[in-house]
Amino acid sequence: MYTALANPYRQGFFPDCPILAVSGHWCPGCGGLRATHELLRGDFGAAMSMNPVVVLVIIPLIIVGMAWWMLAAAGVRVPRFTISTAAGWALPAFLGVFWVLRNIPALEPWLAP
């Protein structure tokens, strides 16, 4: 709720990205807080422009994980969660590729926050 009400665009209100501060390059999470803010306010287009990976991958994974955890905590029998080795490597590899692509100057208009 706090992320929806607070203004992440105001300088100094939320912490700056340490990777951006040190290297000057966007990390895979840069713009994620602003994307979450825009999603909570109902602006899907603005959220996608801030960080499409957070909107399409990270937030859905968090929602599914929390739902699974709450059902298990409530005593509902849920299937055991397992992840394959390939899937375990796929997400970090995908984030690494996204990290490189969003810092290519020609792609910054579409991938940079």
Side-chain angles (χ1 to χ4, degrees):
M1 185 66 165
Y2 180 73
T3 305
L5 298 175
N7 183 1
Y9 297 99
R10 196 170 79 195
Q11 185 66 20
F13 196 72
F14 287 103
D16 293 332
C17 175
I19 293 173
L20 179 62
V22 171
S23 69
H25 297 292
W26 306 108
C27 80
C30 281
L33 182 63
R34 287 174 282 163
T36 304
H37 171 78
E38 296 298 346
L39 270 181
L40 291 172
R41 296 179 61 95
D43 193 344
F44 183 77
M48 286 293 289
S49 71
M50 288 295 131
N51 193 323
V53 170
V54 166
V55 174
L56 298 175
V57 178
I58 304 300
I59 291 176
L61 285 175
I62 290 171
I63 291 170
V64 168
M66 287 183 68
W68 180 86
W69 176 73
M70 288 190 322
L71 287 170
V76 175
R77 187 174 194 118
V78 291
R80 184 175 171 190
F81 179 77
T82 59
I83 187 168
S84 69
T85 302
W89 283 101
L91 183 59
F94 173 74
L95 291 175
V97 170
F98 177 65
W99 193 342
V100 170
L101 290 177
R102 80 182 322 199
N103 286 292
I104 296 173
L107 298 176
E108 280 187 8
W110 296 282
L111 296 178

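Residues: numbered from 1 along the sequence shown. Quantities reported herein were computed from a predicted structural model and do not represent experimental measurements. For the numbers below, each heavy atom of this structure counts, side chains included, while hydrogens, waters and symmetry mates do not.
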Distance in Å, [X] [atom1] paired with [Y] [atom2], rounded so as to fall on 0.5 Å steps:
X     : Y     : atom1 : atom2 : value
Cys17 : Leu33 : SG    : CG    : 11.5 Å
His25 : Leu20 : NE2   : CG    : 9.5 Å
Ile59 : Leu40 : CD1   : CG    : 7.5 Å

Going by heavy atoms in the side chains, are [X] and [Y] under 4.5 Å from each other?
X      : Y      : value
Phe98  : Val57  : no
Trp26  : Asn51  : no
Met70  : Val76  : no
Leu111 : Ile104 : no

Nearest non-hydrogen partners of [X] and [Y], listed with the distance:
X      : Y     : result
Pro113 : Arg34 : CB-NH2, 3.6 Å
Asp43  : Ala46 : OD1-N, 3.2 Å
Val55  : Met48 : CG1-SD, 3.6 Å
Cys27  : Trp99 : CA-NE1, 3.7 Å
Ala72  : Val78 : CB-CG2, 3.9 Å
Leu39  : Ala47 : CG-CB, 3.7 Å

Path from [X] to [Y] over hydrophobic side-chain contacts below 4.5 Å:
X     : Y      : answer
Leu61 : Phe94  : yes
Leu91 : Ile62  : yes
Leu95 : Leu101 : yes
Val97 : Val53  : yes
Ile58 : Met66  : yes

Using a 3.5 Å distance criterion without hydrogens, assess whether the side chain of Arg102 forms a donor-acceptor pair with backbone atoms of Leu107.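 No; zero donor-acceptor contacts below 3.5 Å.
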